[in-house]
Number of protein chains: 2
Amino acid sequence: MTTRDPQATALARLAALFADETRAACLLALLDGRAWTASELARHAGVAASTLSEHLGRLVAGGLLAEERQGRHRYVRLADARVAQLVEDLAAQVAPGRAVRPRNLRESSAGAAMARGRTCYDHLAGRLGTAVTDALTARGLLQQETGFALTGAGLAWFESAGIGLDRRGRRPLARACLDWTERRPHLAGVAGAALCRHALEKEWCVRIGSERAVKVTAAGERALFDLLGVEAAALRLTPGLTEQAHHPMGR
Amino acid sequence: MTTRDPQATALARLAALFADETRAACLLALLDGRAWTASELARHAGVAASTLSEHLGRLVAGGLLAEERQGRHRYVRLADARVAQLVEDLAAQVAPGRAVRPRNLRESSAGAAMARGRTCYDHLAGRLGTAVTDALTARGLLQQETGFALTGAGLAWFESAGIGLDRRGRRPLARACLDWTERRPHLAGVAGAALCRHALEKEWCVRIGSERAVKVTAAGERALFDLLGVEAAALRLTPGLTEQAHHPMGR
DNA sequence: CTGACGCTTCGGCCGCCGCCGAAGTGTCCC
DNA sequence: GGGACACTTCGGCGGCGGCCGAAGCGTCAG
């Protein structure tokens, strides 16, 4: 039985790249969209540098990571948006109903910060991401009734807000990404990425800590309210949701 | 280092289910949306019944498969549309640019039949799927410019064609699924499933062989032309595409 | 030049898991 | 009841791969 279904072989080989806890931790960390050095990842994952070097070799060879050598540093990042989406999809499949159960205070507060707002590769997620998505929908700029697409008014809004959308390329303009803390869709795709980039440039939100979590600034609250009618209250976690996220119903 | 990131652990555990060639072959086979018995899958994958039994145990325990016991048979199918989408996503990631390279005539003609038309869990794919999607788009029933959503006219079309859409539930009405032979999006989600079910019920197409491939009937060609203006020629593979699909550029 | 540093390679260890055949359990048919 | 059949459990085998520390290589700073 030496010849088997080549598609099954390829699928198994791809999945094997995700099927190790250390590599999974790296891929999740890289969901912040930035480039990490090998030693940062080794420290993050809690393994020896030599071990991590081999993992990176596999991930790069498998096309999941892109690398860039600078002097004695090896920077890696997710290869492209497709890979990021795959990581998100797998992570979302795993999360629903049993979000991170914090073991101590630090994990708990870090988890809450991530739940309030974070980047998901190149777009906004968490409470912030869904609040913005809801606001776009409520204003008729985005429609989710029969799919997930910007409306004509939505296109005009991006234009008037000075957020350019690159419509060349195959990447969809708007796409739903399932949020794994909110368990609801939020805006991804070209428009989601552009909005996130704009928000970081204009400092509507800033990164906190070394990972994906972001915090909405005072200027950001004002801008979100003025442009989209997002109430500051909508950006806070409701106690119920927090509770639910932190004490999920068994496995 | 006994306590690690629980999300990474869960992600790795999930991916491990896909990371075996035998299990991958089962999951791909089950993409036909039907229930298979354990022995059918064992024969399909080319392993002993005992081996496959253990694989099924893991897949069911991991939530990827649902099982149904009937007498001395154990029927399994993909647990739900979410799982099917995950399998598709992984398969699509692997396929682009290097579709199945046939080793002999049988594989080649089976591959061509799959490329012409097949089901992808519960919706239509292959040339058939993209032709229908293109026709819907060309007639203004589906819009892909700023996302992927049915238009008002699209909703009316489904209504008038007598294809009911169940709009309760969280599943999106329309969603893009990337086709791994055509390398273009086609209609999935509630509308895609309803259309596929309707097409099979009305015998616009019939299953051929024991797997996912389907063949458009004469009645089907007529119905697709009358309702959507799909030309019969659009359902045939263009030589260029076939060529490309069968002789991909390296690995 | 020298030492510090980031990364890689290598060898060796260990545990996991996919495979099989044999034996066991439950179901169906005659 | 008896035999065929679908599936499961078990024991044993073999290979893969993740882990580390030690040693090596290139880069950078002083």
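Letters A, B, ... are given to chains in the order of the sequence lines, protein chains preceding strands, and every chain is numbered from 1.
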B/E21 and A/T9: side-chain donor and acceptor closer than 3.5 Å? yes
B/R118 side chain to B/T181 side chain, donor-acceptor N/O pair below 3.5 angstrom: yes
Beyond-backbone contact of A/H123 with A/C177, side-chain heavy atoms, under 4.5 angstrom: yes
Heavy-atom check, side chain of B/Q7 versus side chain of A/L28, under 4.5 Å: yes
Among residues 63-71 of chain B, which ones have heavy-atom contacts with DNA chain D below 4.0 Å? B/R69
May I ask you to say whether B/R168 pairs ionically with B/D166, meaning some side-chain N is under 4.0 Å from a carboxylate O?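 A salt bridge links B/R168 with B/D166.
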Enclosure of A/R13 CZ (heavy-atom neighbours >12, cutoff 6.0 Å): no
Return the CZ to CG distance between B/R116 and B/L128, rounded to the nearest 0.5 Å.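 It is 11.0 Å, given to the nearest 0.5 Å.
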What distance do B/L27 atom CG and A/L11 atom CG have between them, rounded to the nearest 0.5 Å?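 Going from the CG atom of B/L27 to the CG atom of A/L11 covers 7.5 Å.
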Interatomic distance where [atom1] belongs to [X] and [atom2] belongs to [N] [whole Å]:
| X | N | atom1 | atom2 | answer |
| --- | --- | --- | --- | --- |
| A/E21 | D/dG17 | CD | P | 18 Å |
| A/R43 | C/dC5 | CZ | C1' | 13 Å |
| A/W36 | C/dC7 | CH2 | P | 13 Å |
| B/R72 | C/dT27 | CZ | P | 11 Å |
| A/L59 | D/dG18 | CG | C1' | 13 Å |

Review item, nucleotides 13-18 of chain C N/O atoms under 3.5 Å of protein N/O:
{"unit_1": "C/dG18", "atom_1": "OP1", "unit_2": "B/R23", "atom_2": "NH2", "d": "3.2"}
{"unit_1": "C/dG18", "atom_1": "OP2", "unit_2": "B/R23", "atom_2": "NH1", "d": "3.1"}
{"unit_1": "C/dG18", "atom_1": "O5'", "unit_2": "B/D20", "atom_2": "OD1", "d": "3.4"}

Counting the atoms with a prime plus P, OP1 and OP2 as sugar-phosphate, which does B/A38 contact under 4.0 Å by heavy atoms, base, sugar-phosphate, or nothing?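 Sugar-phosphate, backbone atoms only, no base.
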Is B/A48 touching bases, backbone alone, or none of the nucleic acid, heavy atoms closer than 4.0 Å?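 If one applies the 4.0 Å heavy-atom cut-off, B/A48 turns out to touch the sugar-phosphate alone, with no base involved.
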Side chain of A/S50: nearest nucleotide among C/dC28, D/dC20, D/dC7?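 The listed nucleotide nearest to A/S50's side chain is D/dC20.
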Dump the intermediate steps for salt bridge (charged side-chain N to carboxylate O under 4.0 Å, His left out) on A/E67 and A/R77, then the final yes or no. CA-CA 7 Å; A/E67 70 180 356; A/R77 53 185 164 73; over 6 Å; no
Does a distance-only test, which skips hydrogens and angles, find a donor-acceptor pair under 3.5 Å between the side chain of B/R74 and the base of D/dC7?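 Side chain to base: no pair present.
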